[in-house]
Amino acid sequence: MKKRWRVFRELLRLRMSKLMMYRLEFFGPFFVDGSLFLIQLFVFEAIYSHVDTIGGLSRGDMIIFIGTFSMLNAVNMVFYFFGVNSIPEKIKSGAMDLYLTKPVDALFQISFESINPGSIPLMIFSLFLILYGIQINNIQIPFTNGICYVILMFGMLILYYDIEVIIRTISFFTISTNSMMKIEDTGLELCMKLPGTVMYGCFKVLFYVIMPYGIMATTPTKILAGTVTTGEIIYGAVIIILFTVFMRFFWKFGIRHYKSASS
């Protein structure tokens, strides 16, 4: 763990040095992501302004839900999205060879070598949105609920990461993963707008089991709303563990079947 922390700090230092060489690349995303967040907020306000509840969640709960999913997405974009998203290209170009020869876990380096601070404002806005939702609900959040929310959010970030890696690891076995990424984008876009509590039948199987985006913001939101059940928390923990174990297995399986560019 200490070795990985040192590697992470060095990757962060190198990445920030590179970004500061091109100031527009560093500051541009601040404006773009901030503007995108405000547009999304106005759209959500227009949709939910005349609705009392959706799937058992009040208007304040829905604001917390939107802020929670936005926070997950923002942290993902800051820390590991751009690195993970480069996996297919590294496999296709043969650049993966270089990572496999280094004395550092290849997936760890790829994941965190492209940290981008452009979504930090979105993290801040998302936090304010969550606090605003709590204020609208006019409830006192017990300290234990707050701690459970933070822990579960960390777990959901791991789940978010697992799904992204699994989808892009398919590149070891196919020429293109564009179709899978389109499915990923469509699923995320849907689950960012609708809580998992409104999903039934095949949609619940898809977004609770196969691609569990439906629980990533819904379960943490229900913790702050005080409506979560012990079963929902256990289910979320089990899904996180199962996907993490499968992701590591699938990644190693892909590495074993990687056709090096030099072979």
Side-chain angles (χ1 to χ4, degrees), residues 33 36-77 81 119 122-123 125-137 139 145 148-149 152-153 155-164 166-167 179-229 231-240 243:
D33 286 335
L36 179 60
F37 176 82
L38 291 176
I39 292 173
Q40 290 176 332
L41 188 58
F42 291 143
V43 171
F44 283 124
E45 181 64 22
I47 294 175
Y48 297 116
S49 59
H50 302 295
V51 178
D52 294 327
T53 61
I54 296 179
L57 299 183
S58 67
R59 184 169 179 269
D61 295 337
M62 282 303 304
I63 292 176
I64 296 173
F65 169 81
I66 295 167
T68 297
F69 218 129
S70 181
M71 177 67 78
L72 290 170
N73 186 56
V75 175
N76 164 57
M77 296 291 285
F81 172 78
S119 291
L122 187 57
M123 293 170 59
F125 295 150
S126 299
L127 177 60
F128 281 127
L129 195 59
I130 293 169
L131 295 176
Y132 177 58
I134 294 173
Q135 183 182 18
I136 288 181
N137 279 346
I139 57 175
N145 285 33
C148 287
Y149 176 84
L152 192 57
M153 283 288 283
M156 293 305 174
L157 283 170
I158 295 175
L159 178 61
Y160 204 157
Y161 174 78
D162 292 339
I163 298 173
E164 287 183 344
I166 289 170
I167 290 174
S179 296
M180 285 297 300
M181 290 185 186
K182 287 180 181 178
I183 294 175
E184 176 189 39
D185 291 340
T186 303
L188 275 170
E189 185 177 353
L190 176 64
C191 292
M192 281 182 176
K193 296 177 181 177
L194 296 173
T197 51
V198 305
M199 297 176 183
Y200 297 94
C202 61
F203 285 101
K204 192 156 190 174
V205 173
L206 177 61
F207 293 118
Y208 268 63
V209 181
I210 300 175
M211 298 178 70
Y213 298 126
I215 70 171
M216 289 200 303
T218 302
T219 306
T221 296
K222 294 184 73 174
I223 288 178
L224 292 186
T227 59
V228 72
T229 65
E232 288 174 318
I233 295 177
I234 294 175
Y235 180 78
V238 170
I239 285 292
I240 293 168
F243 267 76

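Fair warning: this is a prediction, and the values are worked out from it, not measured in the lab. Basis for what follows: all heavy atoms, side chains included, without hydrogens, waters or symmetry-related copies.
Within the 4.5 Å cutoff, the side chain of T229 has no heavy atoms near those of the Y235 side chain. In this structure the side chain of M211 reaches within 4.5 angstrom of the side chain of I183, judged on heavy atoms. With a 4.5 Å cut-off on side-chain heavy atoms, L122 and S70 count as touching.
Taking OH from Y213 and CD from E184, the interatomic distance works out to 4.0 Å, rounded to the nearest 0.5 Å. In this structure, I130 CD1 and L224 CG are separated by 7.5 Å, a value rounded to the nearest 0.5 Å. Between the CG atom of L152 and the CG atom of L159 there is a distance of 9.5 Å, given to the nearest 0.5 Å. Atom OH in Y132 sits 14.0 Å away from atom CZ in F128 (nearest 0.5 Å). Atom CE of M153 sits about 10.0 Å away from atom CE of M216, to the nearest 0.5 Å. Residue N73 holds its CG atom at 7.5 Å from CG of L188, rounded to the nearest 0.5 Å.
Pairing each heavy atom of D61 with each of A225, the nearest pair is OD1-CB, 3.4 Å. In terms of heavy atoms, T227 sits closest to E232 at O-OE1, 4.1 Å. The nearest pair of heavy atoms linking F207 to G187 is CE2-CA, 3.7 Å. The two atoms that bring Y208 and T197 nearest to each other are OH-N, 3.9 Å, heavy atoms only. Nearest heavy atom pair, residue L194 against residue V198, reads CB-CG2, 4.0 Å. When every heavy atom of M156 is checked against every heavy atom of I240, the shortest pair comes out as N-CD1, 4.0 Å.
Heavy-atom neighbours of F203 CZ from other residues, nucleotides or ligands within 6.0 Å: at or below the threshold of 12.
Under the rule for a side-chain hydrogen bond (donor to acceptor under 3.5 Å, both in side chains), the partners of D162 that lie at least two apart in sequence or sit in another chain are T244.
In terms of modelled atom types and a separation under 3.5 Å, the side chain of Y161 and the main chain of N76 share no donor-acceptor contact. In this structure, N145 contributes its side chain and I223 its backbone to a donor-acceptor pair below 3.5 Å. With hydrogens and angles disregarded, a donor-acceptor distance shorter than 3.5 Å links the side chain of T221 to the backbone of A217.
Inspection of the T68 and Y149 side chains reveals an N or O donor paired with an N or O acceptor under 3.5 Å.
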- I would like to know whether C148 and I233 meet side-chain contact (heavy atoms from CB on, under 4.5 Å); could you show each step before the answer? CA-CA 9 Å; C148 287; I233 295 177; 5.7 Å; no

